[in-house]
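Numbering starts at 1 and runs along the sequence shown.
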Amino acid sequence: MALVGLEELRAARQRIAGVAVRTPLVPAPWAGDGERRLWLKPENLQPTGAFKTRGAYNRLAALSDQERARGVVAQSSGNHAQAVAYAAGLLGIKAVIVMPDTSPAVKVDGTRAFGAEVLLVTPEERDTVPAELAERHGYVWVPPYDDPFIIAGQGTVGLEIAEDAPAELDTVLVPVSGGGLISGTAAALKLTRPGVRVVGVEPELAADAQASLRAGERLSWPVADTYRTIADGLRTPSVGELPFQHITAYVDDIVTVTEDEIRATVALLARRGRLVAEPSGAVAPAAYFHRAAEIGGQAVAAVVSGGNIDPALLAELLAA
């Protein structure tokens, strides 16, 4: 399948205009160290609390009338779930969302609040049950990342960074799970500002993407391994096929951060950046604070991908 190009990215931006928020690129002067500067892209400000609104609405808005009438099914640990539910509600489409029973209650409740039917399953069943439901009921499957419309929608993040960042921007940090966000963002940046390095970031307890990029082939980690990380949105056992093509074409490197570093960054973003970030959303900024030598760069932008954190967990991390 062909890589997503500027035509698809610009079409996605037009399609999602007025639904997804064009988030600002916020300078973080408190994070400077005299040699480096940081800007944050706060996707936690989206209507559903995460960047997934972009891809989900782009995918659903492109469905034909016949496909919309069939309804949609999707699987997600929470952010894609809420995004699909929200987009489906706006477009008058029935949505059934398959979620692992380990999903944070705040994400399950949010998905139901947007009007979707939620089916809780074991983590091992998350990626198999949707296909069964699609075959049984005729639903259109809306994958969380392995789809050109999803990638193009998420890639509008990269278009906005390219337009808003200062000329000296040299590095962009993006979290990696299934690979939709980094695929679209990297494509947008490399096609508009090719000199900018794009570095993926993931938890060291779920580092399948880093292993895949370095091996030159898609590798899969056991669910039991990836589910160890507190970053529940980044527990996918492997990147998607189409995302991996984009990653190998456009991503310069992938680094990892520890659980303690993720936790500390959630608290730091709240205290200094006045941003509520879930652990998955704090992973990219964590690399700026803890992996400077690996990521390089002096003018760095980091995507805060989401803010759907359980209030009790946020309180715990702030008290640590």
Side-chain angles (χ1 to χ4, degrees), residues 1-23 43 46-48 50-76 79-98 111 114 116 127 130-131 133-134 138-161 174 176-192 233 236 239-247 249-250 303 305-306:
M1 188 177 294
L3 300 182
V4 168
L6 281 176
E7 182 179 350
E8 292 83 5
L9 289 161
R10 288 167 177 162
R13 177 164 58 182
Q14 185 173 11
R15 199 176 283 121
I16 69 174
V19 175
V21 174
R22 192 190 191 290
T23 55
E43 286 295 292
Q46 291 296 342
T48 62
F51 73 95
K52 295 281 192 176
T53 303
R54 298 172 182 266
Y57 192 83
N58 191 49
R59 173 66 273 182
L60 267 62
L63 295 176
S64 67
D65 290 341
Q66 292 83 1
E67 289 172 324
R68 294 186 187 194
R70 288 161 52 191
V72 299
V73 64
Q75 80 267 34
S76 169
N79 287 335
H80 181 61
Q82 293 178 89
V84 171
Y86 179 65
L90 293 177
L91 295 166
I93 301 171
K94 176 181 179 179
V96 178
I97 312 295
V98 178
T111 303
F114 285 127
D127 294 329
L133 294 175
Y139 300 139
V140 176
W141 177 47
V142 181
Y145 45 82
D146 215 342
D147 179 280
F149 286 92
I150 296 291
I151 290 173
Q154 321 301 28
T156 57
V157 169
L159 289 180
E160 294 171 11
I161 292 174
V174 188
V176 188
S177 182
L181 176 61
I182 195 168
S183 295
T185 300
L189 288 164
K190 293 298 186 178
L191 293 173
T192 58
T236 304
V239 297
E241 294 181 12
L242 185 56
F244 187 63
Q245 294 177 37
H246 286 76
I247 289 169
Y250 294 129
V303 179
S305 56

Atom of [X], atom of [Y] and distance for their closest heavy-atom approach:
| X | Y | result |
| --- | --- | --- |
| Ser183 | Pro243 | OG-CA, 3.1 Å |
| Ser177 | Gly233 | OG-O, 3.2 Å |
| Phe149 | Ala62 | CE2-CB, 3.5 Å |
| Gly180 | Tyr145 | N-CB, 3.6 Å |
| Lys94 | Tyr139 | NZ-OH, 3.2 Å |
| Ala188 | Gly155 | CB-O, 3.5 Å |

Just by distance, do the side chain of [X] and the backbone of [Y] share a donor-acceptor pair under 3.5 Å?
| X | Y | answer |
| --- | --- | --- |
| Arg68 | Ala61 | yes |
| His80 | Gly55 | no |
| Gln75 | Asp127 | no |

Euclidean distance, [Y] [atom2] relative to [X] [atom1], rounded to 0.5 Å:
| X | Y | atom1 | atom2 | result |
| --- | --- | --- | --- | --- |
| Leu60 | Arg15 | CG | CZ | 11.5 Å |
| Leu242 | Ile247 | CG | CD1 | 10.0 Å |
| Asn58 | Gln154 | CG | CD | 8.5 Å |
| Ile151 | Ile182 | CD1 | CD1 | 11.5 Å |
| Ile150 | Lys52 | CD1 | NZ | 7.5 Å |
| Thr156 | Tyr57 | OG1 | OH | 13.5 Å |

- Query: What residues form a salt bridge (Lys or Arg N to Asp or Glu O under 4.0 Å) with Glu67, not counting sequence neighbours?
  - Reply: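 Glu67: no salt bridge (Lys or Arg N to Asp or Glu O under 4.0 Å) contacts found.
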
- Query: Under a 4.5 Å cut-off applied to non-hydrogen side-chain atoms, are Val19 and Tyr86 in contact?
  - Reply: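 They are in side-chain contact.
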
- Given side chains that start at C-beta, do those of Val72 and Leu63 come closer than 4.5 Å, heavy atoms only?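 SC-SC contact between Val72 and Leu63 confirmed.
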
- Message: Under the side-chain contact (heavy atoms from CB on, under 4.5 Å) test against Thr53, which residue among Ile16, Val84, Val21, Thr48 passes?
- Response: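 Of Ile16, Val84, Val21, Thr48, side-chain contact (heavy atoms from CB on, under 4.5 Å) with Thr53 is met by Thr48 alone.
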
- Which is it for Tyr250 and Leu189 under the side chain to side chain contact (heavy atoms under 4.5 Å, CB included) test, yes or no, and what are the steps along the way? CA-CA 9 Å; Tyr250 294 129; Leu189 288 164; over 6 Å; no

- Message: Can you pull out every salt bridge (Lys or Arg N to Asp or Glu O under 4.0 Å) where at least one residue sits in residues 140-160? Sequence neighbours excluded, please.
- Response: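 Of all non-adjacent pairs touching residues 140-160, those that pass salt bridge (Lys or Arg N to Asp or Glu O under 4.0 Å) are Lys41-Glu160, Arg54-Glu160, Arg59-Asp147.
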
All N/O donor-acceptor pairs, side-chain side in residues 1-9, below 3.5 Å, sequence neighbours left out:
residue : atom : partner : partner atom : Å
Glu8    : OE1  : Gly5    : N            : 2.8

